[in-house]
Amino acid sequence: MEAVYEYRSPLGKIVLAGEREALTGLWFDGQKYFGSTLGTGAVKSSLPIFEQAVKWLELYFGGKEPAFTPALSFRGTPFQKRVWEFLLTIPYGQTITYGEIAEGLSGEGGGHSKTSARAVGSAVGRNPISLIVPCHRVVGAGGGLTGYAGGIDKKEKLLLLEKADLSRASCGNLKNLL
C-alpha cells in the first residue's frame, strides 16, 4: 500500500509518497505533474522511509549537502528512469544542461546512438522525486533557469541554497559524471 506524508519546507508544503522501504514521490504542493505516479488509494501514514527523507530534507534546507540518499523507487518508462538515474550524478551546487545530459546518455552505449535534449527535458520535467533527484540542477543551453515543474522561483532559491555558480551552465567536465 502506498502512503503519503506532508512536510513543511521553507519553500512551501512538500508531499512525499512511499511504499514499503522506498520513496516513490516528492512534490512541491501544486507543482506541474503533482502526484503523477501516485496510485489511487494512497493513505496518509508514516513510514520509515519518510523519516529518512525528512532527515535528508532537514539537512538540505539547513544548507548542508546530505551524505546519503534515501531508497528510491522510480515509476516511469525505461528512458525516464535512465534520465532520473543520471540526475543523481549531478554534484551538489553544480549545474548541467539538457544537451549535456543527452550527450552523456548517448555515450552510454546500449544501442542509443543519439538522445535529444528535448527528450531529456521531457523526462526531467516529469521527475517524480524532486529535490532528492536534483532536476533543479539542470539548466538551459545558455545557462538560463528554464523549465522547473516546481516553478522557476523555487529552482533559483534551491540553486542559491546550494551556492551554485549560476554564471556557468555546466558542471565542468562531463566525463567526470559518467
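Basis for what follows: all heavy atoms, side chains included, without hydrogens, waters or symmetry-related copies.
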A.B. asks: What pair of heavy atoms forms the shortest contact from A17 to W27, and how long is it?
C.D. replies: CB-CZ3, 3.8 Å
A.B. asks: Return the set of residues passing ring-ring contact (aromatic ring centres under 6.0 Å, His included) with Y60 (not counting sequence neighbours), or none when no residue passes.
C.D. replies: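 Scan of Y60 (ring-ring contact (aromatic ring centres under 6.0 Å, His included), adjacent residues dropped) gives W56.
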A.B. asks: Do the side chains of L105 and V83 get nearer than 4.5 Å, heavy atoms only?
C.D. replies: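 Side-chain contact under 4.5 Å: yes.
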A.B. asks: Using modelled atom types and a 3.5 Å cut-off, is there a donor and acceptor pairing between side-chain atoms of Q31 and backbone atoms of F28?
C.D. replies: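 Checking the backbone N and O of F28 against the side chain of Q31, a donor-acceptor pair under 3.5 Å is found.
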A.B. asks: Begin with the C-alpha distance, continue with both residues' side-chain angles, and end with the deciding distance and a verdict on side-chain contact (heavy atoms from CB on, under 4.5 Å) for I96 and V139.
C.D. replies: CA-CA 6 Å; I96 189 169; V139 297; over 6 Å; no
A.B. asks: Which atoms form the tightest heavy-atom contact between I49 and A22, and what is the distance?
C.D. replies: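 Closest approach of I49 to A22: CG1-C, 3.7 Å.
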A.B. asks: Any side-chain heavy atom of S106 sitting closer than 4.5 Å to one from E103?
C.D. replies: no
A.B. asks: Output a table of donor-acceptor pairs, distance under 3.5 Å, between side-chain atoms of residues 68-78 and any protein atom two or more places apart or on a different chain; print 'none' if there are none.
C.D. replies:
from, atom 1, to, atom 2, distance (Å)
R75, NH1, E2, OE1, 3.3
R75, NH1, E2, OE2, 3.0
R75, NH1, T37, O, 3.1
R75, NH2, E19, OE1, 3.0
R75, NH2, E19, OE2, 3.4
T77, OG1, Q80, N, 3.0

A.B. asks: Carefully, step by step, assess L158 and L131 under the rule side-chain contact (heavy atoms from CB on, under 4.5 Å).
C.D. replies: CA-CA 9 Å; L158 295 170; L131 272 177; 3.5 Å; yes
A.B. asks: Enter the distance from I132:CD1 to Q52:CD here, rounded to the nearest 0.5 Å.
C.D. replies: 9.5 Å
A.B. asks: Side chains of V138 and V120, heavy atoms from C-beta outward: is any pair under 4.5 Å?
C.D. replies: no
A.B. asks: Report the residues that fulfil side-chain contact (heavy atoms from CB on, under 4.5 Å) with A119, sequence neighbours left out, ordered by chain and then residue number.
C.D. replies: F79, S116
A.B. asks: Is there a side-chain contact (heavy atoms from CB on, under 4.5 Å) between Y98 and V124 once you walk through the steps?
C.D. replies: CA-CA 9 Å; Y98 297 97; V124 169; 4.0 Å; yes
A.B. asks: Got a donor-acceptor contact below 3.5 angstrom from the W84 side chain to the A123 backbone?
C.D. replies: yes
A.B. asks: What's the shortest heavy-atom distance between G140 and T97, and which atoms?
C.D. replies: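 The answer is O-CG2, 3.5 Å.
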A.B. asks: Give a yes or no on whether the backbone of F50 and the side-chain of K55 come within a donor-acceptor separation of less than 3.5 Å.
C.D. replies: no
A.B. asks: If I compare all heavy atoms of A102 with all of A117, which pair ends up nearest, and what's the gap?
C.D. replies: CB-N, 3.8 Å
A.B. asks: Among residues at least two apart in sequence or on other chains, which ones pass side-chain hydrogen bond (donor to acceptor under 3.5 Å, both in side chains) with Y7?
C.D. replies: E58
A.B. asks: To the nearest 0.5 angstrom, please state how far the NZ atom of K157 sits from the OG atom of S9.
C.D. replies: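 These two atoms lie 10.0 Å from each other.
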A.B. asks: Atom CG of L16 and atom OG of S46: how far apart are they, to the nearest 0.5 Å?
C.D. replies: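 Going from CG on L16 over to OG on S46, the span is 10.5 Å.
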A.B. asks: Take E162 and H136 through the test side chain to side chain donor-acceptor pair (under 3.5 Å) and record every step on the way to the result.
C.D. replies: CA-CA 11 Å; E162 293 182 20; H136 62 280; 2.6 Å; yes
A.B. asks: Checking K13 now: which residues fulfil side-chain contact (heavy atoms from CB on, under 4.5 Å) with it, not counting sequence neighbours?
C.D. replies: E6, R8, V15, D29
A.B. asks: Has R137 got a side-chain atom pairing as donor or acceptor with L159's backbone, closer than 3.5 angstrom?
C.D. replies: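 The answer is no, because no donor-acceptor pair under 3.5 Å joins these two groups.
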A.B. asks: With no hydrogens and no angle check, is any side-chain donor or acceptor of N127 less than 3.5 Å from a backbone partner on V133?
C.D. replies: yes
A.B. asks: Test side-chain contact (heavy atoms from CB on, under 4.5 Å) on Y5 and L47; report intermediate values, then the result.
C.D. replies: CA-CA 9 Å; Y5 179 84; L47 297 173; over 6 Å; no
A.B. asks: Is any side-chain heavy atom of L11 less than 4.5 Å from a side-chain heavy atom of F61?
C.D. replies: yes
A.B. asks: Who passes side-chain contact (heavy atoms from CB on, under 4.5 Å) against S122, sequence neighbours left out?
C.D. replies: R126
A.B. asks: I'd like to check I90 versus T95 (side-chain heavy atoms, cut-off strictly below 4.5 Å). Are they in contact?
C.D. replies: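 Answer no - side chains too far apart.
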